[in-house]
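Predicted, not measured: the structure shown is a model, and the values here were computed from it. Convention: sequence-line order gives letters A, B, ...; per-chain numbering from 1.
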Amino acid sequence: MAVLLEYPSMRLIKYGYASAPPPIPYVPGFLAFREAPLLLKACLPVCGEADLLVVDGHGASHPRGLGIASHIGVVLDKPSIGVAKKRLAGGVVESGGEMLLVLHGQVVGVLLRVRGRSLYVSTGHRVSPRTAGRLVERMMRGGRLPEPTRIADMISHELVSRLRSSHCTRRSGEEQP
DNA sequence: GCGACAG
DNA sequence: ATCTTGTCGC
């Protein structure tokens, strides 16, 4: 699922999606091998108008410094940022009131605290760690996740729910007492 | 040996 | 991610 939002209003312009069985199982550190091909298909209708990609997952804060956020940015040749809900690699170092994500002695991202939860924001492609953090902060609208991720989650959940019930039950739109 | 391990 | 349990707010 990919959504195109206007910045800074964060209004939904349009979205794209694709569906297919997972090619391989999920293995930590290799998420892009499982999800990037389908995600790239979902991006086709919207990425041409996008100036920045916000990806659900890590970018440079990855065991080999190349998470799915970096992967997508490189393939689509767009600036990208990784926004993950859990730590994958590296550590957190406080510096000047900032929580920096450090990997192999390099600052690769920032840790944001949102509503008591952690958000691991990292460089994807052509965006510095601190700029990535600042941009994500400006895409927050009161939710636990930045608007691109939150809205994509919302729409994809609705799509899955509606598609599932219209495929496994009787005619869609019929009541179920 | 033990823990950690995006989605 | 998915699943289960518990808590809080409307």
*asked:* With side-chain contact (heavy atoms from CB on, under 4.5 Å) as the criterion, how do A:V108 and A:V102 come out once you've worked through the C-alpha distance, each side chain's angles and the decisive distance to 0.1 Å?
replied: CA-CA 6 Å; A:V108 294; A:V102 178; over 6 Å; no
Residues 106-122 of chain A vs salt bridge (charged side-chain N to carboxylate O under 4.0 Å, His left out), sequence neighbours excluded, gives none
In 5'-to-3' order, the base (B), backbone-only (S) or no-contact (-) status of each nucleotide in nucleotides 4-10 of chain C, using a 4.0 angstrom heavy-atom cut-off, is -------
Expected string for nucleotides 1-7 of chain B under the B/S/- scheme (protein heavy atoms, under 4.0 Å, primed atoms plus P, OP1, OP2 as sugar-phosphate) is ---SSBB
Residue pairs passing the ring-ring contact (aromatic ring centres under 6.0 Å, His included) test with at least one member in residues 60-101 of chain A, sequence neighbours excluded, are none
Contacts satisfying ring-ring contact (aromatic ring centres under 6.0 Å, His included) that involve residues 15-39 of chain A (not counting sequence neighbours) are A:F30-A:F33
Just by modelled atom types, is the [Y] backbone N or O under 3.5 Å from a matching donor or acceptor in the [X] side chain?
X      : Y      : value
A:R64  : A:G29  : yes
A:R87  : A:A84  : no
A:S80  : A:H125 : yes
A:T123 : A:A60  : no

Residues passing the side-chain hydrogen bond (donor to acceptor under 3.5 Å, both in side chains) test with A:R150, sequence neighbours excluded, are A:E147
By side-chain hydrogen bond (donor to acceptor under 3.5 Å, both in side chains), A:E98 pairs with (sequence neighbours left out) A:R130
Per the 3.5 Å Watson-Crick/G-U criterion and a run length of at least three, the stems involving DNA chain B are none
Pairs under 3.5 Å (Watson-Crick or G-U), crossing ones as [ ], inter-strand ones as |: DNA chain C comes out as ..........
Students should find that the hydrophobic cluster of A:L66, defined by side-chain heavy atoms under 4.5 Å apart, otherwise consists of none
- [ ] Using the side-chain contact (heavy atoms from CB on, under 4.5 Å) rule, take A:M10 and A:E6 through it: C-alpha gap first, then chi angles, then the decisive distance, then the call.
- [x] CA-CA 5 Å; A:M10 294 293 100; A:E6 179 186 73; over 6 Å; no
N/O donor-acceptor pairs under 3.5 Å from side chains in residues 37-58 of chain A, not counting sequence neighbours:
residue, atom, partner, partner atom, Å
A:E49, OE2, A:K14, NZ, 2.6
A:D56, OD1, A:K85, NZ, 3.2
A:H58, ND1, A:S61, O, 3.4
A:H58, ND1, A:S61, OG, 2.7
A:H58, NE2, A:K86, O, 2.6

* Looking at side-chain heavy atoms only, is the closest gap between A:V121 and A:I81 below 4.5 Å? -> yes
Group every Ile, Leu, Val, Met, Phe, Trp and Tyr by side-chain heavy-atom contacts under 4.5 Å, then state whether A:L145 and A:L31 land in the same group.
-> no
Residues of residues 112-130 of chain A with a heavy atom under 4.0 Å from any atom of DNA chain B, listed by number, are none
